[in-house]
There are 2 protein chains.
Amino acid sequence: MTIKDIARISGVAVSTVSRVINNHPDVSAESREKVMAVIREHNFIPNNSARDLVRTKSDAVGLIVRGSQNTFFVDIIHSIESALDEAGYTMVMRQIGSNDNEITCAASMERDKRLLGIIFLGGRSDYSPDELAVLSVPYVFCTFTNSYGTLKNTNYSSVSIADEAEAEKAVNELIARGHKQIAALISASDDHSISQLRYLGYVKALKDHGITVDDSLIIRCGTFNMKDAYEATKKKLAEGVRFTAVFAIADNMAIGAMRALREAGIDVPGDCSLISIDGIEVSEYIDPMLSTLTQPMKEMGRKSVEQLSELIGGTGRHSQITVTTSLREGASMRQI
Amino acid sequence: MTIKDIARISGVAVSTVSRVINNHPDVSAESREKVMAVIREHNFIPNNSARDLVRTKSDAVGLIVRGSQNTFFVDIIHSIESALDEAGYTMVMRQIGSNDNEITCAASMERDKRLLGIIFLGGRSDYSPDELAVLSVPYVFCTFTNSYGTLKNTNYSSVSIADEAEAEKAVNELIARGHKQIAALISASDDHSISQLRYLGYVKALKDHGITVDDSLIIRCGTFNMKDAYEATKKKLAEGVRFTAVFAIADNMAIGAMRALREAGIDVPGDCSLISIDGIEVSEYIDPMLSTLTQPMKEMGRKSVEQLSELIGGTGRHSQITVTTSLREGASMRQI
DNA sequence: TTTGTTGCTGGAAACGTTTCCAGTTTCCTT
DNA sequence: AAGGAAACTGGAAACGTTTCCAGCAACAAA
């Protein structure tokens with residue numbers, strides 16, 4: 001069943017059928033009606049490959065996810081997917097491991113699948129303009145903002161929180177509760193990553209309150225995984241380092257740290273307060289309930305698609321959209 | 001840059017280039033060499049739309065996920081995705097809400113995206129042959145097995161655990177610890193679903209040990225969400241119902257229940273033991289660590305793809321693959 | 001020598017759309 | 001009444017592949 005069959009059956013030309021399908025204005029109500037009826041009757045669906053071929057593009061948008069095992073991304077992926085679907089795009093998702101390069105992956109997908117655009121979810125955030133130049137379709141960074149060249153280059157789009165400021169906000173909550181020995185649980189990074197920015201927020205909060213930054217209080221782990229955070233915290237505690245509070249840059253990591261603290265006989269929040277950033281579902285169900293700065297995940301996904309859609313359409317300019325968190329008070333910090 | 005350009009530059013015919021690209025045997029080593037060099041030099045990638053068009057098929061496999069917010073699926077999705085990628089397929093994922101019909105969704109994707117096959121992840125498990133007949137490409141059920149007509153019809157493929165037997169195994173663990181008032185936390189279902197099968201396993205375990213099944217000990221909630229499980233358990237407790245153990249059909253639900261128990265002042269495992277099925281990462285980090293029957297998620301994803309791949313290739317027959325869980329002892333059950 | 005086989009090659013028709021262009025009708029303006 | 005714009009329509013070329021078919025050379029078997 002092709003467009004030709006539809007044309008034959010409804011007694012019009014192929015081009016007219018095409019116009020009906022694509023909602024072109026230049027077709028009489030009568031023809032439109034007639035064709036639509038036939039289309040419905042045979043529930044005809046146009047062949048996408050042929051459309052893509054002649055339009056020299058597809059309706060596919062790539063979603064490149066780094067570290068989707070982090071449940072923080074699950075909600076975002078979901079909202080991106082439904083937003084794309086609503087806008088008539090097809091989502092092609094690719095998860096990449098720590099050894100892969102997302103730009104290379106994106107570039108190959110872009111050509112291979114003839115992508116219209118790309119959304120990067122949870123990426124490296126230190127892409128140089130040269131690196132990005134290999135991409136010829138619009139892209140949007142979601143959950144992070146590119147900070148190559150210390151933010152001077154703003155020729156890209158993103159949706160994220162203000163990492164440094166939000167981290168500062170979190171640490172200020174701890175300081176407000178009288179904490180001075182505050183550990184920071186961050187993921188290893190020599191680049192300008194989310195981790196680095198949140199670390200800077202941590203440093204800023206301490207400095208602003210006259211607390212000296214003690215490098216031994218920095219707990220570094222390889223990834224955002226619970227396991228890594230657990231092990232790094234455990235190791236730090238085994239070294240005899242002590243603190244009265246922990247700021248974790250992600251809920252996932254906070255949950256890992258909590259287990260390490262528990263196993264070391266350190267009570268949360270009795271002996272040690274804990275705060276983090278993200279607001280994943282499970283953080284509301286564990287004991288003690290995690291105090292966290294929740295990110296508006298649905299909104300972030302939706303806005304990423306909106307932005308990408310505008311870039312694809314040619315309308316709209318690059319912009320770095322910043323969304324804000326809200327503090328969800330759990331019970332992992334001691335009372336003021 | 002098209003196949004024609006490559007042909008022109010390397011001084012051969014278009015068809016020869018095509019044969020080189022597709023590894024056809026009928027091409028001399030010399031020509032092959034020459035063409036490959038040109039392809040590499042211009043790093044040419046064939047246009048997928050055109051290939052799909054002429055071959056009247058694509059390389060896309062659909063993944064239809066019901067309830068991906070359940071983190072149990074995250075690992076499976078990941079393994080499905082990498083397995084598909086390795087096998088040269090493109091994954092097109094669609095998440096559906098509780099009001100959508102996955103078959104309808106699959107059918108429209110199948111035609112729209114020209115899918116080669118479909119993997120259903122976490123579905124309804126009571127599809128009738130008539131319903132399934134609208135699909136014209138092979139499909140595999142992952143994490144569940146179709147139980148329409150009480151398992152008589154085996155004309156489909158699946159990868160799952162033996163729900164009833166595994167549930168029985170879980171409940172037996174509780175019985176072995178001397179529990180008699182055992183609640184079951186299941187999701188609402190009037191169909192032959194995972195929930196129903198696991199419920200039957202629960203019933204069987206009780207009956208086999210001479211324990212009467214008390215319907216008031218069944219906690220029903222709408223979905224597999226933590227929130228629903230939390231609220232359903234809370235409600236049950238508020239009604240004054242008491243029990244010394246809970247069997248939850250999913251980790252997610254167990255975590256929700258744990259919070260309800262905690263808030264009611266019921267200690268786990270002191271006053272109430274808890275066991276569930278799944279083995280999601282976070283269940284290992286909460287306090288008390290959840291005792292659970294872990295499903296081999298990586299394996300399940302990989303096997304689903306393997307199976308689908310064989311069905312697509314025309315080799316291999318339908319089969320219902322059953323994988324087994326292993327007990328991960330946490331601390332949510334009292335000691336023997 | 002003929003005949004057949006094998007190995008390779010090029011030409012060209014398809015695949016199912018979109019879109020440009022030219023044409024026809026209708027209807028409005030002068 | 002003539003002219004032209006506007007509304008609609010059909011024909012056909014194009015998109016970039018794959019694949020069928022025919023052809024050619026070389027070489028073996030009769």
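The basis for the numbers below is simple: all heavy atoms, side chains too, and nothing from hydrogens, waters or symmetry mates.
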Are any side-chain N or O atoms of N101(B) and backbone N or O atoms of I103(B), one a donor and one an acceptor, separated by less than 3.5 Å? yes
Under a 4.0 Å heavy-atom cutoff, the residues of residues 39-62 of chain B touching DNA chain C are L53(B), V54(B)
E30(B) atom CD is separated from dT9(C) atom C1', nearest whole Å, by 12 Å
If each end axis of the helix from dT1(C)-dA30(D) to dT30(C)-dA1(D) is fitted on five C1' pair positions, the angle between them, to 10 degrees, is 50°
Taken to the nearest whole Å, NZ/K34(A) to C1'/dC8(D) is 12 Å
Give S18(A) one of three labels, base, sugar-phosphate or nothing, depending on what nucleic acid heavy atoms sit under 4.0 Å from its own.
base
So does R66(A) get a backbone contact from the side chain of E102(A), meaning a donor-acceptor N/O pair under 3.5 Å?
no
Whole-Å distance, I3(B) CD1 to dA13(C) P, equals 18 Å
Rounded to whole Å, the NE2-C1' distance (H24(A) to dG10(D)) equals 15 Å
When you measure from the side-chain N and O atoms of S28(B) to the phosphate of dG7(C), is any distance below 4.0 Å, counting only OP1 and OP2? no
Sequence neighbours excluded, the answer for side chain to side chain donor-acceptor pair (under 3.5 Å) partners of Q295(A) is D278(A)
note: N23(B), atom CG; dT18(D), atom P; distance rounded to Å ~ 11 Å
With I64(B) as partner, the option from D100(B), V92(B), I118(B) fulfilling side chain to side chain contact (heavy atoms under 4.5 Å, CB included) is I118(B)
S82(B) side chain to H78(B) main-chain N or O, any donor-acceptor pair under 3.5 Å?
yes
note: R19(B), atom CZ; dT18(D), atom P; distance rounded to Å ~ 11 Å
Mind listing the side-chain donor-acceptor pairs of residues 39-48 of chain A below 3.5 Å, one per line with the distance, residues two or more places apart or on another chain?
residue, atom, partner, partner atom, Å
H42(A), ND1, V38(A), O, 3.0
N43(A), OD1, R111(B), NH1, 2.8
N47(A), OD1, S49(A), N, 2.7
N47(A), OD1, A50(A), N, 3.1
N48(A), ND2, D112(B), O, 2.8
N48(A), ND2, D112(B), OD1, 3.1

side-chain hydrogen bond (donor to acceptor under 3.5 Å, both in side chains) pairs touching residues 299-308 of chain B, sequence neighbours excluded, are S157(B)-Q307(B), E299(B)-K303(B), Q307(B)-S319(B)
Per the under-4.0 Å heavy-atom filter, residues of residues 7-17 of chain B near DNA chain D come out as V14(B), S15(B)
Quiz prompt | Beyond-backbone contact of E110(B) with V134(B), side-chain heavy atoms, under 4.5 angstrom | solution = no
Any side-chain to backbone donor/acceptor pair from T71(A) onto V74(A)? Under 3.5 Å, distance only. no
- Message: Can you tell me how the ring of F141(A) sits relative to the ring of F120(A), calling it parallel under 30°, perpendicular over 60° and tilted otherwise?
- Response: tilted
Among dT18(C), dG10(C), dT18(D), the one nearest any side-chain atom of N22(A) is dT18(C)
From NZ of K4(A) across to C1' of dC15(C) the rounded distance in Å is 8 Å
- [ ] State, yes or no, whether a side-chain contact exists between S79(B) and M297(B) at a heavy-atom distance under 4.5 Å.
- [x] no
Atom CG of D26(A) and atom P of dA6(D) are separated, to the nearest Å, by 12 Å
